Amino acid sequence: MSAIRFENVSKSYDGQIVLQNFSMVVQTAETKVILGGTGSGKSTVLKMVAGLVKPDSGQVLVEDEDITDLTENELQPIRRKIGFVFQEGALFDSLSVKENVAYRLRENGVRNEKEIDEIVREVLGFVGLEDAIAKMPAELSGGMKRRVAIARALVGHPRILLYDEPTAGLDPITSRAICELIIKLRDLERVSSIFVTHDLKSAYTMASEFAVLGPHGEATFVSENDRFCLINTRFLMLKEGKVLFEGPDETLRSVKEEYIQEFLS
Amino acid sequence: MSFIYQSVYEVQEFTLLSFRAVTNLFRKPRYLQDTLQQMDIIGVGSLVIIVLTGFFTGAVLALQSANSLKAFGAVNLTGQLVSLSLIKELGPVLTALMLAGRVGSGIASELGSMVVTEQISAMRALGTDPTKKLVTPRMIATTTMAPLLTVMADLFGLVGGWIVSFYALRLNTELFWTTAIRSLDYNYALEGLIKPIVFGFIVGMVGCYFGLRTTGGTQGVGRSTTQAVVTASILVIVADFFLTKIVLELRP
Ligand SMILES: Nc1ncnc2c1ncn2[C@@H]1O[C@H](COP(=O)(O)OP(=O)(O)OP(=O)(O)O)[C@@H](O)[C@H]1O
Ligand SMILES: [Mg+2]
């Protein structure tokens, strides 16, 4: 079973082509790192997975179910499986951090305040923001907003996570922490994900480290070496609506294509 | 040609959204908390401007009508004229226009900002139907609050009219109130309540419609807000004409 599958998807806005015959597969527990210049259609791909944007032609499948022609109501159970971290965070600015993170719980009918509070504190802990629980989004820095957005997406244990530039504009230490979180979800919880980024350092971290459980149940991070090559993270490079490259990071670095070399340097 | 096509399209989209907003009343989930909050913002929040509008409208009506009535030697009927014009026409229409300016613009700019910052997309991604969570509560709030606010405007309008009659025109207080109240019959009161219900619906739905179809960043939000106020105001005045016509036709 594949987690996400695009089959010959095309999309244009007012005559401007954004995606052209775009196909890709994300396997279960795999992370697909999507690279590409600004305006190359990366966010559009993510929105299509959640059914927020409909393709003009082609199919989008989520866990082998064709979602292309589903109505908003029929999309509800699909969206329940998906956590979406929007590019600019898209926090509800009329709600506090706590209510933002608790949003999905309340929507799903959880009424027990104690339970809600526990879950919210736990996921905010994952992104290191327990202290911000009572703040309003307007009081947060850009990096904090993005981390709250990640926390909000994690609630409800979605099996698929879509990250739209989650580490953009964060300091190296916080970026690293976010990457470790995503690696843990990938390796220990078998979450399938798409990771859109411009940040090559994070991309390589994703592709070269993996998480294992230590003797006391804590996660430790191990780098791949000559004998072991990580296969659950693959790269995809988009340019002008077409796939320029698809494969593991080792191959990406050796591709002789000019645009890719320029992008990586 | 494309202008006609565009207009037909907009009318269709507006009708669909209104239809969804109304049918949502019968579907779960219902957002009671959001509805109450909107009623508070829209109803209580608009009270002061509505009271002021009503008061001074009544006052100026008394001044003007006494002036005209004097020519016929009928100054005694000032109370009746003020109450009829207020309750049938000016109360509902001016309240609706003030609401279009204050509430319609507020709704359009709030929803518009939510669109351009992708909060609406985020809401959908989190499994919420924005028409249920955002549109229906606002529609309920404007449709229920407009009649209540209109009653307040009418009431303070009469008070304004009375104060002018008493202090400026030296009219008898009792005469003012008896003519004002005697002229009210059931039909007028009904007309004075049906109108604001329709107007409230128009203001709320037009605000939501223009807010939700915002495109193009902060500039787009400004554009939607203006369009919402202008469209709602015009629709209110046009609807007022037709409602009056219908009521006159139906009256025995
Ligand atoms: N709602 C829309 N209406 C019109 N054009 C759009 C819309 N959304 C996206 N586009 C266009 O589609 C193209 C791809 O947009 P997209 O957001 O997918 O790019 P991106 O790869 O995510 O870029 P970035 O790295 O800057 O986030 C852009 O040229 C953009 O102008
Ligand atoms: Mg993007």
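All of these numbers come straight from a predicted model, not from anything done at the bench. In what follows, every heavy atom counts, from backbone to side chain, and hydrogens, waters and symmetry copies are set aside.
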Other residues, nucleotides, ligands: >12 heavy atoms within 6.0 Å of [X] [atom1]:
| X | atom1 | value |
| --- | --- | --- |
| B:Q33 | CD | no |
| A:E240 | CD | no |
| B:R20 | CZ | no |
| B:Q219 | CD | no |

Check: residues 205-213 of chain B side-chain donor-acceptor pairs under 3.5 Å, at least two apart:
| from | atom 1 | to | atom 2 | distance (Å) |
| --- | --- | --- | --- | --- |
| B:Y209 | OH | B:E10 | OE1 | 3.1 |
| B:R213 | NH1 | B:E10 | OE1 | 2.7 |
| B:R213 | NH1 | B:E10 | OE2 | 2.4 |
| B:R213 | NH2 | B:Q227 | OE1 | 3.1 |

**Item:** Sole candidate of A:E107, A:Q76, A:R79, A:R106 that passes side chain to side chain donor-acceptor pair (under 3.5 Å) when paired with B:T128
**Value:** A:E107

**Item:** From B:E118 atom CD to A:L52 atom CG, the distance as rounded to the nearest 0.5 Å
**Value:** 8.5 Å

Mind listing the side-chain donor-acceptor pairs of residues 83-93 of chain A below 3.5 Å, one per line with the distance, residues two or more places apart or on another chain?
| from | atom 1 | to | atom 2 | distance (Å) |
| --- | --- | --- | --- | --- |
| A:Q87 | OE1 | A:S43 | OG | 3.0 |
| A:Q87 | NE2 | A:E165 | OE2 | 3.3 |
| A:D93 | OD2 | B:Q119 | NE2 | 3.2 |

**Asked** Is any residue of residues 138-154 of chain A within less than 4.5 Å of chain B by heavy atoms, and which ones?
**Response** A:R152

**Request:** List for me each residue that meets side-chain contact (heavy atoms from CB on, under 4.5 Å) alongside A:Q27, sequence neighbours excluded, and say none if there are none.
**Result:** A:S2, A:V25, A:E30

